[in-house]
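Notes follow once the structure below has been shown.
In each ligand, atom 1 is the first atom listed, and ligand 1 is the first ligand listed.
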Amino acid sequence: MTQLPAQSTDGVADDVSRETRLDSRGSFSLDAAFDTPIAREAAHAVRVRNIRQEQWPRPLQPRVMAVANQKGGVGKTTTAVNIAAALALHGLRVLVLDLDPQGNASTALGIDHSVGTSSVYDVLLSGRPIADVTATTEFADTLKCVPATLDLAGADIELTSQVAREYRLQRAVSAYLEAAVADGSAPDYLIIDCPPSLGLLTLNALVAAREVLIPIQCEYYALEGLAQLLNSVELVRAHLNPRLAVSTVLLTMYDSRTRLADQVAAEVRQHFGELVVQSVIPRNVRVSEAPGFGQTVITYDAGSRGAVGYLQAAREIAERGRLPIPTKAGA
Ligand code: ADP
Ligand code: MG
């Protein structure tokens, strides 16, 4: 059964009330009387059931998205797993490919990634088919994951001496999608969680992907280093993968109490225009707690502000998927 926070504190309007059982006039409050762990769990279960009943549009073809930003801690992994969970719970087939040796995406999806587990390392270095190393999450049959183990930490160097080192992942993804489309099992979304660098692993992701999703943290220096990422996208597009483009920019960890967050958001919108998802992901403690329980925030506390933010963002991304997707190459 899903573990729930001991107490909900993030101020969602429809959260189970957390007022005291006696209201300010000293009368008995029905809402508050139901503020128990069991009631909260029941409310969460109802929300998840409602989410599952709604089907979002399928994209015209499988969307391969690299979640990239060479800065660490900007919300790449959180974005990859939560967008994936939101899409999967709405009936779309999603495969998360964990390309960070830390394996944080695997952790958040509750997938074993201890050293020795079959993983994306075997795909890159030994040519194992993706289907061979794919695990299904316990949240939904539609949500699968290719885990990353610590073995991947050496892959950047090990790949250097390999033939077609930039194309290893692209070849694996193409072969996988071709077979999966033929037998009707293709994912609607293949979401690649990149490590915080622009090394060979991220390069492999950019060569394999069609779209880049850039999470930008609403913080100091948010835009610093972005030119470098856009430059890499442009270089990959020019030399290795002409179909690649930035399709989606997501503002993460937004703190409405700071003017800085608004300034960053405005600057990002000015630069990227319609590529920026309207929904902004708020900074919310539930989001950071969820991975500790092997969960996404959506499966952990579906009513939290973080979950609502990711659900809205994912819906926008899915809505865009039924149309030709607006993209922007390079800066
Ligand atoms: P990256 O993959 O870019 O390194 P992460 O997704 O791992 O970044 O996020 C960095 C840290 O910030 C993690 O501890 C994560 O739980 C936390 N975090 C991410 N998004 C939020 C959010 N919206 N609210 C609160 N904490 C967040
Ligand atoms: Mg990460």
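- Counting heavy atoms from C-beta on, the side chains of L229 and K71 never come closer than 4.5 Å.
- Residue T78 places at least one N or O, backbone or side chain, under 3.5 Å from an N or O of ligand 1.
- Using modelled atom types, one finds no donor on one side chain facing an acceptor on the other under 3.5 Å when comparing Q70 with T202.
- Heavy-atom proximity to G72, at under 4.0 Å, picks out these atoms of ligand 1: 4 (O).
- Shown in contact with P282 at under 4.0 Å from a heavy atom are these atoms of ligand 1, numbered in order with element: 22 (C), 23 (N), 24 (N).
- The presence of a protein heavy atom under 4.0 Å from atom 21 (C) of ligand 1 is confirmed.
- The shortest heavy-atom distance from P196 to ligand 1 is not under 4.0 Å.
- Of the protein's non-hydrogen atoms, the one nearest atom 10 (C) of ligand 1 is G73 CA, 3.7 Å.
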For a quick test of your reading: what N or O donor-acceptor pairs under 3.5 Å do the side chains of residues 81-88 make, sequence neighbours left out?
residue	atom	partner	partner atom	Å
N82	OD1	V297	N	2.9
N82	ND2	T78	O	2.8

> Does the pair R320 and E211 meet the rule for a salt bridge (Lys or Arg N to Asp or Glu O under 4.0 Å), with working shown?
Replying inline: CA-CA 12 Å; R320 290 176 181 195; E211 301 176 49; over 6 Å; no
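- With waters left out, the protein N, O or S atoms under 2.8 Å from the Mg ion (ligand 2) add up to 1.
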Which donor-acceptor pairs under 3.5 Å do side chains of residues 170-183 form with protein atoms, sequence neighbours excluded?
residue	atom	partner	partner atom	Å
S174	OG	Q170	O	2.9
D183	OD1	S185	N	3.0
D183	OD1	S185	OG	2.6

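- Of the protein's non-hydrogen atoms, the one nearest atom 7 (O) of ligand 1 is T77 CB, 4.0 Å.
- The salt bridge (Lys or Arg N to Asp or Glu O under 4.0 Å) search around R243 returns none, not counting sequence neighbours.
- In terms of polar-atom proximity, defined here as any N/O pair under 3.5 Å, I281 makes no such contact with ligand 1.
- Contact check for L169 versus V207: no side-chain heavy atoms found under the 4.5 Å cut-off.
- A 4.5 Å side-chain heavy-atom check between V264 and E219 finds every atom pair outside the cut-off.
- Distance screen at 4.0 Å: atom 13 (C) of ligand 1 has no protein heavy-atom neighbour inside the cut-off.
- Between Y121 and S126, the side chains place no donor N or O within less than 3.5 Å of an acceptor N or O (distance only, hydrogens not considered).
- Summarising the contacts of atom 16 (O) of ligand 1 with S288, P291, S304, the nearest heavy atom is found in S288.
- For R283, no nitrogen or oxygen atom sits less than 3.5 Å from a nitrogen or oxygen atom of ligand 1, counting backbone and side chain alike.
- Summarising the local packing, CD of E138 is surrounded by 12 or fewer heavy atoms from other residues, nucleotides or ligands at distances under 6.0 Å.
- Counting only heavy atoms of the protein, atom 27 (C) of ligand 1 lies nearest to V287 CG1, 3.9 Å.
- Protein heavy atom in closest approach to atom 8 (O) of ligand 1: G75 N, 3.0 Å.
- Contact check for N50 versus V46: side-chain heavy atoms found under the 4.5 Å cut-off.
- Using a 4.5 Å heavy-atom cutoff, the side chains of H90 and L311 are in contact.
- Proximity of L213 to I191: side-chain heavy atoms (C-beta onward) are nowhere separated by under 4.5 Å.
- In terms of polar-atom proximity, V74 is counted as a contact of ligand 1, with an N or O under 3.5 Å from an N or O of the ligand.
- Here atom 25 (C) of ligand 1 lies nearest to N284 when heavy atoms of D255, D193, V81, N284 are compared.
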